[in-house]
There are 2 protein chains.
Amino acid sequence: MLTIGKLGDAAGVKVPTIRYYEQIGLLPEPERSAGNQRLYGKSALERLAFIRHSRELGFPLEAIRDLLSLSDRPDQSCAAADIIAKDQLAAVEARIARLTALKAELERMITQCAQGTIADCRIIEVIGDHSHCAQDHRTSEAVG
Amino acid sequence: MLTIGKLGDAAGVKVPTIRYYEQIGLLPEPERSAGNQRLYGKSALERLAFIRHSRELGFPLEAIRDLLSLSDRPDQSCAAADIIAKDQLAAVEARIARLTALKAELERMITQCAQGTIADCRIIEVIGDHSHCAQDHRTSEAVG
DNA sequence: CCTGAAGTCTCTAGCAGCTAGAGGTTCAAG
DNA sequence: CTTGAACCTCTAGCTGCTAGAGACTTCAGG
């Protein structure tokens, strides 16, 4: 039996994140010790590792919820899993395409910047007016 | 003078977003009509278009705040703008690299899936165990 | 001039996916 | 038996908006 901290270490997931997953129903409520602390077994570790790996692969939590419920029914067809994975692949590809367009635009801006003053800075100028852009990159794309 | 709706249409930004930008100090508080409605001039439109385009280029709002304050001082050096843009480019490139690794992993999973049952589905199996992966993709990457 | 619809106002709450903190309890080592 | 790390619950915060409630303003048509 693992405490939440050990579980987190074993799966590479932070403790508050585990509690969060429990709260939103991705992880089942575990047993508790006499002193009310969470105790986890091997299956919880496997499930958490599954979740973590899915997150690393970029699946949103809702997709992971679906994948988990699929993996709970081993004798069913895996077509649904295939669809989820393909959707994710499509999302990743779309994101790469958008980011690649952004990259080109940023590179263009930067190479054109003559390092003078703001008044004739291509960066500020290009940002101020989309018509200076070579490409369309209209869909917004957050980059943390 | 433009009402907030017209401004939004002109800049391609939704009305609540404009109010949000004002709230966080990205846009100055505009004049008001006799009936307390916001009224914007040309400079507000330019500023908002600048913000929108920056967002399209993926700049986070804090970076946009800096870019805006730079563009308010046209006679200064544009080195700071250059740094912000280069940081953004680096962030975009890092993101592309991570997504490309994810893409490869997803493709591998999907092509290996024999479309049988969950029990022998490579997708579920690979997700369940990172050691099945060809590459490292440890940094998590959200894809909306 | 009046009506009604569209637009605007403020305020609060919600989305993803956590993360951080307060203030208190439990557990394990020494 | 004491200490201090780890645990508990609860609330609030992060980014960048978006949605809704309930009230007011504006404008076009009649």
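Remark: Y21(B) is not in phosphate contact with dG16(D), judged by side-chain N or O atoms under 4.0 Å from OP1 or OP2. OP1 or OP2 of dT26(D) sits under 4.0 Å from a side-chain N or O of S33(B). Checking the phosphate oxygens (OP1, OP2) of dT8(C), a side-chain nitrogen or oxygen of T3(B) falls inside 4.0 Å. Dashed line: the shortest gap from a side-chain N or O of R32(A) to OP1 or OP2 of dT9(D) is under 4.0 Å. One finds a side-chain N or O of R55(A) lying less than 4.0 angstrom from the OP1 or OP2 phosphate oxygen of dC18(C). At least one side-chain nitrogen or oxygen of R19(A) sits closer than 4.0 Å to the OP1 or OP2 atom of dC8(D).
L39(A) places its CG atom 10 Å from the P atom of dC7(D), with the value rounded to the nearest Å. Between the P atom of dA6(C) and the CD atom of Q37(B) lies a distance of 16 Å, rounded to the nearest Å. The CD-P distance, from Q23(A) to dT9(D), rounds to 10 Å in whole Å. Atom CD1 of I64(B) and atom C1' of dC17(D) are 13 Å apart (whole Å). Atom CD in E22(B) sits roughly 18 Å away from atom P in dG16(D) (whole-Å rounding). If you measure from atom OH of Y20(B) to atom P of dT18(D), you get 10 Å, rounded to the nearest angstrom. Rounded to whole angstrom, the span from the CD1 atom of I18(B) across to the P atom of dC9(C) amounts to 9 Å. Rounded to whole Å, the distance from CG on L2(B) to P on dT8(C) is 11 Å.
If you take SG on C78(A) and CG on L67(A), they are separated by 11.0 Å, rounding to the nearest 0.5 Å.
A donor-acceptor pair is defined here as one N or O able to donate and one able to accept, closer than 3.5 Å; no such pair exists between the side chain of R108(B) and the backbone of K103(B). Between the side chain of T17(B) and the main chain of V13(B), no donor-acceptor pair closer than 3.5 Å is present. H53(B) places no side-chain N or O within donor-acceptor distance of the main-chain N or O of L48(B), the cut-off being under 3.5 Å. Q88(B) contributes a side-chain N or O that, together with a main-chain N or O of G58(B), makes up a donor-acceptor pair within less than 3.5 Å.
Across the interface with DNA chain D, nearest-nucleotide mapping of E62(B) and A34(B) shows E62(B) to be the residue nearer the 5′ end.
Against DNA chain D, the stretch residues 8-17 of chain B makes heavy-atom approaches under 4.0 Å through K14(B), T17(B).
Backbone-only engagement by R38(B) is indicated by non-hydrogen atom pairs under 4.0 Å involving sugar-phosphate atoms exclusively.
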As a quick check of understanding, evaluate salt bridge (charged side-chain N to carboxylate O under 4.0 Å, His left out) for D9(B) and K14(B), giving each step before the final call. CA-CA 8 Å; D9(B) 289 349; K14(B) 287 178 190 155; over 6 Å; no
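Within a 6.0 Å sphere centred on CD of Q115(A), heavy atoms belonging to other residues, nucleotides or ligands number more than 12.
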